[in-house]
Amino acid sequence: MLVRLPKTVSHAREHLAEGAVPIGGATLVWATWQRDGFPEQAMSLRELPQANVIGPEELGGAVVLSRVDGRVPYVLRAAAGSVGTGAVRRAATVGGNLAGSALRCLLPAALVLEARATVLAAHGVYETDLAEVTAKRPVLLGLRWNTPVASAYRKLPGEAGGAPPLVVATALHAGADGRHRLRAAVRDGYEVLTATASGTGTATGTRGPDPAPLLDELRETPVADVPDAWNLVTEQVTTLLAAAPDR
């Protein structure tokens, strides 16, 4: 197997057109290749600058999960830190988790950040939503979002070999018009449910807005119907509205 390590987007496009199979840390494909046979060409983005950025409002698809740190919002770094073991996080990539994994532990965090994806295809680079990333599994160059006021993440313990553990993620966004928007996402099994609530009032200060109106809105959405999730949603929303800075 020939592994391609492009340093430019144009070279990466050429390799895709030639049939190179995208890989990250290969944590999800190695066993399959050992069983079914290795491809003639594979491509890693670990040397492509655009896929390795880490910042307050962007994260590259080739970044390994162990490198996701305080430069990104709390919800995203907490999600990355919850994946597997230390050895897995040192090999698994952001793109592999979102586009290559059935679990997609980062997806709830990316959804509440209202992230947009930059993806690579043989015909070029374009921006799309996370629904396309999870459905079509393209080559993910990176994510971009607007910094939230505050965010939270919780992943319940799971049983080895059992169903995926419950995940609850929330993020509070502030608009220039004085309205604030609360995004919530719940991973229930392999399904991820999302909900949005909005209201007026400042999202800063020691007390913040009353959480009751937002919780009333969220209670009418599917996230409130997931067993064990609603108490976590309530707890996170109350905490977010009481805290101005991103935790």
Side-chain angles (χ1 to χ4, degrees), residues 56-57 59 65 68-83 97-98 103-116 129-130 143-159 163-247:
E57 296 187 336
L59 183 64
L65 301 184
V68 180
D69 55 21
R71 288 172 284 181
V72 305
Y74 173 83
V75 66
L76 198 51
R77 65 180 182 267
S82 75
V83 176
N97 186 272
L98 286 171
L103 295 176
R104 301 187 178 105
C105 295
L106 300 187
L107 182 57
L111 286 169
V112 300
L113 290 177
E114 301 178 337
R116 296 284 295 175
D129 56 27
L130 293 171
L143 301 173
R144 291 183 180 273
W145 60 85
N146 292 323
T147 301
V149 174
S151 60
Y153 181 89
R154 180 77 182 277
K155 181 179 182 179
L156 296 185
E159 298 181 3
L166 180 73
V167 168
V168 175
T170 51
L172 182 67
H173 300 266
D177 59 356
R179 296 183 65 83
H180 52 273
R181 186 174 64 261
L182 192 288
R183 289 276 290 168
V186 172
R187 186 185 71 183
D188 179 28
Y190 291 97
E191 183 179 13
V192 177
L193 307 172
T194 61
T196 304
S198 60
T200 58
T202 176
T204 63
T206 57
R207 299 187 63 182
D210 181 4
L214 292 178
L215 289 172
D216 287 343
E217 281 192 58
L218 294 177
R219 193 175 283 110
E220 301 302 317
T221 69
V223 302
D225 299 328
V226 179
D228 301 324
W230 182 245
N231 287 341
L232 292 177
V233 171
T234 301
E235 177 185 320
Q236 290 185 8
V237 171
T238 303
T239 300
L240 295 186
L241 290 174
D246 197 352
R247 299 187 295 112

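Minimum interatomic distance between V226 and D188 (heavy atoms only, all atoms of both residues): CG1-CG, 3.7 Å. For the residue pair A109 and V75, the shortest heavy atom distance occurs at CB-O, 3.6 Å. The minimum heavy-atom distance between A224 and R219, with the atom names listed, is CB-O, 3.5 Å. Across all their heavy atoms, Y153 and C105 have their closest contact at OH-O, 3.5 Å. Contact between A197 and E217 at its shortest, heavy atoms only, is CA-OE1, 3.5 Å. Closest of all the heavy-atom pairs between A169 and Q236 is C-OE1, 3.7 Å.
At least one donor-acceptor pair under 3.5 Å links the side chain of R187 to the backbone N or O of L103. Without hydrogens or angle criteria, N97 side chain to L106 main chain gives a donor-acceptor distance under 3.5 Å.
Taken from CG in L113 to CD in E57, the straight-line distance is 10.0 Å, to the nearest 0.5 Å. We find the CZ-CG distance between R144 and L59 to be 11.0 Å, quoted to the nearest 0.5 Å. Note that the CG atom of L214 and the CG atom of L241 stand 5.5 Å from one another [nearest 0.5 Å]. With values rounded to the nearest 0.5 angstrom, L215 atom CG is found 5.5 Å from T238 atom OG1. Expressed to the nearest 0.5 Å, how far OG1 of T239 lies from CG of L172 amounts to 11.5 Å. Rounded to the nearest 0.5 angstrom, E114 CD and R181 CZ are separated by 4.0 Å.
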Side chain to side chain contact (heavy atoms under 4.5 Å, CB included) between V192 and V167, intermediate numbers included: CA-CA 9 Å; V192 177; V167 168; over 6 Å; no
L232 vs L156, side chain to side chain contact (heavy atoms under 4.5 Å, CB included): CA-CA, chis, key distance, verdict: CA-CA 10 Å; L232 292 177; L156 296 185; 4.0 Å; yes
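By the neighbour-count criterion of 12 heavy atoms within 6.0 Å, atom CG of D228 is sparsely surrounded, having that number or fewer from other residues, nucleotides or ligands.
A heavy-atom distance below 4.5 Å is not found between the side chains of V223 and T194. Counting heavy atoms from C-beta outward, L130 and L143 have side chains that approach closer than 4.5 Å.
T196 and R183 form a side-chain donor-acceptor contact under 3.5 Å, judged by distance and modelled atom types alone.
In this view, D129 and R116, A131, E132 satisfy the side-chain contact (heavy atoms from CB on, under 4.5 Å) rule, not counting sequence neighbours.
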